[in-house]
Chemist: 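To start, I am sharing the structure in question, which I have written as structure tokens.
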Amino acid sequence: MKSTLISKENNEAKLTMDFTAEEFENAIIKVYQKEKDKFTIDGFRKGKAPRSIIEKKYGEGIFFEDAINNLFSLHYPLALDELDLDVIDSPKAEFSQIKKGEGFTVTINVACYPEVEVKDYKGVEIETVKAEVTDEDVDTELNNMAKRNSRMVAVDRPAQNGDTVLIDYEGWVGDEQFEGGTAERQPLRLGSNTFIPGFEEQLVGVSTGEEKDVKVTFPEEYHAEDLAGKEAIFKCKVHEIKEEEMPEINDDFVKDVSEFDTLDELKADTRTNLEKAAEARAESQMKNSVLEKVFNANDIDIPDVMVESEIDNMMSEFDQQLRGQGMDLNSYFQYLGKEPKEFRDELKEDAFKKVKTRMIVSAVADQEKFEASDEDIAQEIDNMAKQYNLEADKIREMLGTQNIGMIAGDIKMRKAIDFMYDNAVKK
């Protein structure tokens, strides 16, 4: 196969791929060998009919389409590598006349990654973000630690906001009990706002063993249309009331929950960790400021196909998140009464910013000739191995060549961001 670049302008390339008669014939033979078992010809056992007999019965072009597709899928990526083309869309291909015993030419038009020259990415002026940790921050973290180690204890008093009550309930609309409105020994934290608005507040003040009718009105936008906007009564019975009991923060608590012996030691370690986290947040915020300044300083012609592709990715990620919550994108659209196009339009601005930012950072990496060394990639894989408690070789095997290439690309991008940050002027 011979590949030739005809033209490259306005982010679009035109190229040709010329296949010889021999290449075409060999591709046809491979298709015949693979597909011959599918043909039934009188006088021949299945899969034993000669190619000429199959072509006589079904036409000499019976294997052409698969042969051409196989040649194209194999050689198109090779042509892109040979001609150093970075494409961003599916190709539009036109084929010359296809005849048995002859070669053919494919003429391809395809959108290419724009050539980007970034300016003003050195010496960007940004405000310094201070990483401050106060005594109150340390106390808050220790209180959170105590909260994580709290326990629920039954109390003999009326329920208060923040308590967890164990209840049975039956939901009624008028004289009819509605489906899905019944539960037994259901825990409910008062003040959590997890039930219908107005429900939890009416249970404040109830006592263990008490029965109470809770009157509510379902929201107009409630997901069950037969209940939306309707008044209902939940007949409730309280089985138990529990409150959260927090452990006292002292040396004994420290010994139970950490490797330290004294509260002072835990406080010092907590402050160190909070300072590290605060410094990381401050640095991330300043890096974002640098990117925003460079973003605004550069106008880039971004092909629509790149923005649309990013929207596809964002929708796919959102769909995966929804599926983790027992829903999917179509159900989400139905619930909101929203059309997919409307949702795509809402994502367009964010998608544009993501694409433009990525293009800028990638261009800076190229302009500064950053590369991901073997040591960089090995360190990244070692970090992943520690994170997942696996051997580095196992991580490499799981990733494969393509994903390791993506890791190398991410390393280059990080180097470019770090370079812009290190060369920024911090006021």
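As the structure is a computational prediction, the values presented were derived from the model and not from experiment.
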Chemist: List the steps, then state whether side chain to side chain contact (heavy atoms under 4.5 Å, CB included) holds for D137 with T134.
Modeler: CA-CA 5 Å; D137 294 329; T134 65; 3.1 Å; yes
Chemist: For M315, is there any backbone N or O sitting under 3.5 Å from a side-chain donor or acceptor partner on D319?
Modeler: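 No, the answer is negative, given that no donor and acceptor are paired below the 3.5 Å cut-off.
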Chemist: Establish, for the pair K353 and F295, whether the NZ or CZ atom is under 6.0 angstrom from the six-membered ring centre and no further than 45 degrees off its axis.
Modeler: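 No, cation not above the ring by the 6.0 Å, 45° rule.
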Chemist: E310 pairs by salt bridge (Lys or Arg N to Asp or Glu O under 4.0 Å) with which of R358, K348, R344, K356?
Modeler: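 Between E310 and the candidates, salt bridge (Lys or Arg N to Asp or Glu O under 4.0 Å) is satisfied uniquely by R358.
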Chemist: Could you please spell out the steps behind the side chain to side chain contact (heavy atoms under 4.5 Å, CB included) verdict for K426 and V129?
Modeler: CA-CA 9 Å; K426 304 169 185 71; V129 178; over 6 Å; no
Chemist: Testing M17, K2, E82 one by one against H75 for a side chain to side chain contact (heavy atoms under 4.5 Å, CB included), which residue passes?
Modeler: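 Of M17, K2, E82, side chain to side chain contact (heavy atoms under 4.5 Å, CB included) with H75 is met by M17 alone.
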Chemist: Is it true that K341 and D345 have a side-chain N and a carboxylate O under 4.0 angstrom from each other?
Modeler: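 Between D345 and K341 there is a salt bridge, with a charged N closer than 4.0 Å to a carboxylate O.
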Chemist: Are E244 and S150 linked by a side-chain donor-acceptor pair shorter than 3.5 Å?
Modeler: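 Yes, side-chain donor-acceptor contact under 3.5 Å.
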Chemist: For the rings on F195 and F234, is their centre-to-centre separation under 6.0 Å?
Modeler: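 So the answer is no for these two rings.
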Chemist: Would the distance check show the side chain of N403 and the main-chain N or O of L399 forming a donor-acceptor pair, the cut-off being under 3.5 Å?
Modeler: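 Confirmed, N403 side chain pairs with L399 backbone.
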Chemist: Is a donor on one side and an acceptor on the other found under 3.5 Å between the side chain of E368 and the backbone of F419?
Modeler: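 No; zero donor-acceptor contacts below 3.5 Å.
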Chemist: Quick one about S373 and D376 (side-chain donor to acceptor, distance below 3.5 Å, no hydrogens or angles considered), yes or no?
Modeler: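 Looking only at side-chain atoms, S373 and D376 do form a donor-acceptor pair, the distance falling under 3.5 Å.
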Chemist: Measure centre to centre between the rings of F64 and F104, then say whether the value is under 6.0 Å.
Modeler: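 For F64 and F104, the ring centres are not under 6.0 Å apart.
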Chemist: State whether a side-chain donor-acceptor pair under 3.5 Å links N383 with Q387.
Modeler: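 N383 vs Q387: no donor-acceptor pair found between side chains.
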Chemist: State whether the side chain of K293 and the backbone N or O of E125 hold a donor-acceptor pair below 3.5 Å, judged by distance alone.
Modeler: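 Pair found, side chain donor or acceptor close to backbone of E125.
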Chemist: Taking all non-hydrogen atoms of both residues, which atom of A392 and which atom of D382 are closest, and how far apart?
Modeler: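 Smallest interatomic distance, heavy atoms only, reads CB-OD1, 3.5 Å.
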Chemist: Assess whether atom CD of E265 is packed by more than 12 heavy atoms of other residues, nucleotides or ligands within 6.0 Å.
Modeler: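 Correct, the count exceeds 12.
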Chemist: Are the side chain of T217 and the backbone of K230 linked by a donor-acceptor contact shorter than 3.5 Å?
Modeler: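 Here the side-chain-to-backbone pair does not exist.
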Chemist: Got a second to check how far N149's CG is from I249's CD1, nearest 0.5 Å?
Modeler: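 It comes to 10.0 Å.
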Chemist: Within 45 degrees of the ring normal and closer than 6.0 Å to the centroid, is that where the cationic atom of K338 sits relative to F343?
Modeler: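 Judged by the rule, K338 and F343 form no cation-pi pair.
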Chemist: Might you confirm whether atom CG of D422 has over 12 heavy atoms from other residues, nucleotides or ligands at distances under 6.0 Å?
Modeler: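 Correct, the count exceeds 12.
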Chemist: Which atom pair, heavy atoms only, marks the closest approach of L5 to A13?
Modeler: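 Nearest heavy atoms, L5 then A13: CD1-CB, 4.2 Å.
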Chemist: Classify the ring geometry between Y76 and F72 as parallel (under 30°), tilted (30 to 60°) or perpendicular (over 60°).
Modeler: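 Plane angle under 30°, so parallel.
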Chemist: Is a side-chain N or O of E200 found less than 3.5 angstrom from the main chain of G191, in a donor-acceptor match?
Modeler: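 Pair found, side chain donor or acceptor close to backbone of G191.
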Chemist: Mark yes or no for whether K14, through its side chain, and T107, through its backbone, hold a donor-acceptor pair below 3.5 Å.
Modeler: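 Judged by distance alone, no pair lies under 3.5 Å.
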Chemist: Would you give the length of the straight line joining atom CD1 of I88 to atom CD of E308, rounded to the nearest 0.5 angstrom?
Modeler: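 Atom-to-atom, I88:CD1 and E308:CD are 12.0 Å apart.
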Chemist: Dump the intermediate steps for side chain to side chain contact (heavy atoms under 4.5 Å, CB included) on F24 and I68, then the final yes or no.
Modeler: CA-CA 7 Å; F24 187 30; I68 292 169; 3.9 Å; yes
Chemist: For I302 and V307, work out which heavy atoms get closest and say how close.
Modeler: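 Where I302 meets V307 most closely, the heavy atoms are CG2-CG2, 3.9 Å.
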Chemist: Does NZ belonging to K57 count more than 12 external heavy atoms closer than 6.0 Å?
Modeler: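 Yes, the 6.0 Å shell around NZ holds more than 12 heavy atoms from other groups.
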Chemist: Above 12 or not: heavy atoms from other molecules or residues under 6.0 Å from NZ of K287?
Modeler: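 More than 12 within 6.0 Å, yes.
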Chemist: Rounded to the nearest 0.5 Å, how far does CE of M152 lie from CG of D163?
Modeler: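 Here the interatomic distance stands at 7.0 Å.
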Chemist: To the nearest 0.5 Å, what is the distance between CD on E342 and CZ on F333?
Modeler: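 These two atoms lie 9.0 Å from each other.
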Chemist: Hydrogens and angles aside, do N143 and T140 bring a side-chain donor and acceptor to less than 3.5 Å of each other?
Modeler: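 Side chains of N143 and T140: no pair found under 3.5 Å.
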Chemist: Under 3.5 Å, is there a donor on one side chain and an acceptor on the other for D328 and S331?
Modeler: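 Yes - a donor-acceptor pair under 3.5 Å links their side chains.
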Chemist: Going by atom types alone, do N273 and D269 pair a side-chain donor with an acceptor below 3.5 Å?
Modeler: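 Indeed, the side chains of N273 and D269 share at least one donor-acceptor pair under 3.5 Å.
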Chemist: Donor-acceptor pair, N298 side chain versus K119 backbone, under 3.5 Å?
Modeler: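 Pair found, side chain donor or acceptor close to backbone of K119.
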Chemist: May I ask you to decide if V133's main-chain N or O and E275's side chain share a donor-acceptor pair within less than 3.5 Å?
Modeler: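 It does not hold such a pair.
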Chemist: To the closest 0.5 Å, what do you measure between CD1 (I404) and CD1 (I377)?
Modeler: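 Between I404 CD1 and I377 CD1, I get 7.0 Å after rounding to 0.5 Å.
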Chemist: Closest approach of A159 and L203, non-hydrogen atoms and distance?
Modeler: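 Here A159 and L203 meet closest at CB-O, 3.8 Å.
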Chemist: When you compare the side chains of T262 and D251, does any donor N or O come within less than 3.5 Å of an acceptor on the partner?
Modeler: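 On atom types as modelled, these side chains do not qualify, holding no pair under 3.5 Å.
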Chemist: Mind checking the CG-CG spacing from D120 to N296? Nearest 0.5 Å is all I need.
Modeler: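 Answer rounded to 0.5 Å: 11.5 Å.
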Chemist: Could you check T194 against R189 for side chain to side chain contact (heavy atoms under 4.5 Å, CB included), going step by step and ending with a plain yes or no?
Modeler: CA-CA 8 Å; T194 54; R189 186 179 181 89; over 6 Å; no
